[in-house]
Amino acid sequence: MNLILFGAPGAGKGTQALELAKSYQIPHISTGDMFRQAMAKHTPMGEEAAKYINKGHLVPDDVTIGIVKERLSNSDCQNGFILDGFPRTIFQAESLEILLQELNKKLDYVIQIDVAQDALIQRLTGRRMCKRCGASYHIIHRPSKVEGICDECGSELYIRKDDNLESVQVRLETYLLQTKPLIEYYQKKGCLVTVDGNQDIKKVFADIQCKLGDKK
Ligand code: ADP
Ligand code: AMP
C-alpha cells in the first residue's frame, strides 16, 4: 500500500506512521527524519538543510525531491511506503506524481490528519523525540515510561531545535500558505481521506485503519 500521511506540523503524522509501518510492514519515509539524520552527520546536504530547518522554513524543492526520489527507488518500497512530511508544496506533489509513474507505482491514499490550530502549538512545544529511532513523545499527552528515554529503543530523548515557539509559528504559517493547498489538490485526485486527529492517539490509529479497510 502506497500512502501519504498529510497534516500540519504536530498533527501526529510521525506518531501514526510508526504504528502503520509496524502494522502494514512497509517503510516509514519521513523527509524531516532524513534531514535530521543528515544534519547530525554534518553531511553537505545536512548543513544546507539546517539553514532552513532551524528557522522553520521549507528546504528547497530540488533538494527535497532528490532525497525522496532516491529513497522511493529502494527495494524495501516494493510492497508499499508511508510518506510523512512529503509532499509539502504543489510542485513537490506534481514531481511525486511523475516519479511514481517512472517507478510504475500508484498512490493509494492520502490520509489527512486534521487537528485544531491551537492544539498544534501545544503539541509541538511539548514534543520529545528519540535521537535514534525518531519516535515521538509528549510531556503531557504521551510521556515515555522512563523520563527522557525512548520506550521503543531505549535511546535518549531530545527537544528538536525547531520546536521552539518562534519556529513553530513560522512552520504553521508556512503550512497554511504552501502545504494546505494540497488538500484540494488530492481531493480532486479522489484519493484524500480525512481523520479527526484531535482524538487520542489510539482512536486516531483505529480511524485510519478503518478508512484503509482490508487493503494491504
Ligand atoms: P508530526 O509528525 O505530524 O509533526 P508528531 O507525530 O511528532 O507530529 O506529534 C506531535 C506531538 O503531538 C508529539 O509530541 C506527539 O507525542 C503528540 N501527539 C501525536 N498525536 C497525538 C494525539 N492524537 N493527541 C495528543 N498528542 C498527540
Ligand atoms: P518534519 O519533521 O516533517 O516536521 O520536518 C522538519 C523540517 O524539515 C520542516 O520544517 C522543513 O524545514 C524540513 N522539511 C521536511 N520535509 C520537507 C519537505 N517535504 N519540503 C521542504 N522541507 C521539508
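In what follows, residues are counted from 1 in the order of the sequence shown. Whatever order the structure lists them in is the order used to number ligands and atoms, beginning at 1.
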inquiry  = In this structure, would V195 and L192 fall into the same cluster of hydrophobic residues linked by side-chain contacts under 4.5 Å?
reply    = no
task = Say whether, by atom type as modelled, one donor and one acceptor occur between the side chain of R127 and the main chain of I139 under 3.5 angstrom.
result = no
ask   = With a distance cut-off below 6.0 Å to the six-membered ring centre and an angular limit of 45° from the axis, does R142 pair with Y137 as a cation-pi contact?
value = yes
key: Shared hydrophobic cluster, F81 / I67 (ILVMFWY, side-chain heavy atoms < 4.5 Å)   = yes
query = Do other residues, nucleotides or ligands put more than 12 heavy atoms under 6.0 Å from the CD atom of E173?
reply = no
task = Using a strict cut-off of less than 4.0 Å between a Lys/Arg side-chain nitrogen and an Asp/Glu carboxylate oxygen, indicate whether D162 and R160 qualify as a salt bridge.
result = yes
key: Within-shell test, Q199 vs ligand 1, heavy atom, strictly < 4.0 Å   = yes
ask   = Any N or O of G14 that comes nearer than 3.5 Å to an N or O of ligand 1?
value = yes
ask   = What do you reckon, does M129 have a nitrogen or oxygen under 3.5 Å from a nitrogen or oxygen of ligand 1?
value = no
query = Can you find a non-hydrogen atom of G7 under 4.0 Å from ligand 1?
reply = no
task = Please identify which atoms of ligand 1 are closer than 4.0 Å to at least one heavy atom of G197.
result = 23 (N)
query = For ligand 1, which atoms, with element, lie under 4.0 Å from some heavy atom of D200?
reply = 23 (N)
ask   = H138 heavy atoms, cut-off 4.0 Å: which ligand 1 atoms fall inside?
value = 14 (O), 16 (O)
ask   = Which protein residues have a heavy atom under 4.0 Å from ligand 2?
value = T31, G32, F35, R36, I53, H57, L58, V59, T64, G85, F86, R88, Q92, R160, D162, R171
request  = Give the atoms of ligand 1, by number and element, whose distance to some non-hydrogen atom of Y137 is under 4.0 Å.
outcome  = 13 (C), 14 (O), 16 (O)
SB check K189 E97 (cutoff 4.0 Å) = yes
ask   = Using 4.0 Å as the upper bound for N to carboxylate O, is an ion pair formed by R71 and D76?
value = yes
query = Do any N/O atoms on L124 end up under 3.5 angstrom from N/O atoms on ligand 1?
reply = no
inquiry  = Please check if the number of heavy atoms outside E184 that lie under 6.0 Å from its CD is greater than 12.
reply    = no
remark   = atom 6 (O) of ligand 1 sits nearest the protein heavy atom T15 OG1, 2.6 Å
query = Of the protein's non-hydrogen atoms, which lies at the shortest distance from atom 22 (C) of ligand 1, and what is that distance?
reply = R123 NH2, 3.3 Å
Nearest protein heavy atom with distance in Å, relative to atom 8 (O) of ligand 1 = G12 N, 3.2 Å
query = So with a 6.0 Å cut-off around OH of Y158, is the heavy-atom count from everything else above 12?
reply = yes
Contact (N/O only, under 3.5 Å) between R128 and ligand 1 = no
query = Can a salt bridge be assigned to the pair K22 and E152 using a cut-off of 4.0 Å between side-chain N and carboxylate O?
reply = yes
request  = Output yes when the distance from some N or O of ligand 1 to some N or O of H141 is under 3.5 Å, and no in every other case.
outcome  = no
ask   = Who's the nearest protein heavy-atom neighbour of atom 4 (O) of ligand 1, and how far?
value = G10 N, 2.8 Å
inquiry  = Any carboxylate oxygen within less than 4.0 angstrom of a Lys/Arg side-chain nitrogen, looking at K211 and D207?
reply    = no
message = If you measure every N or O of G126 against every N or O of ligand 1, does any of those distances drop under 3.5 Å?
response = no
query = Does a side-chain N-to-carboxylate-O contact under 4.0 Å join R36 and D33?
reply = yes
task = Check N198 against ligand 1 and report side chain, backbone, both or neither, counting heavy atoms closer than 4.0 Å.
result = neither
key: More than 12 heavy atoms from other groups under 6.0 Å of NZ on K105   = yes
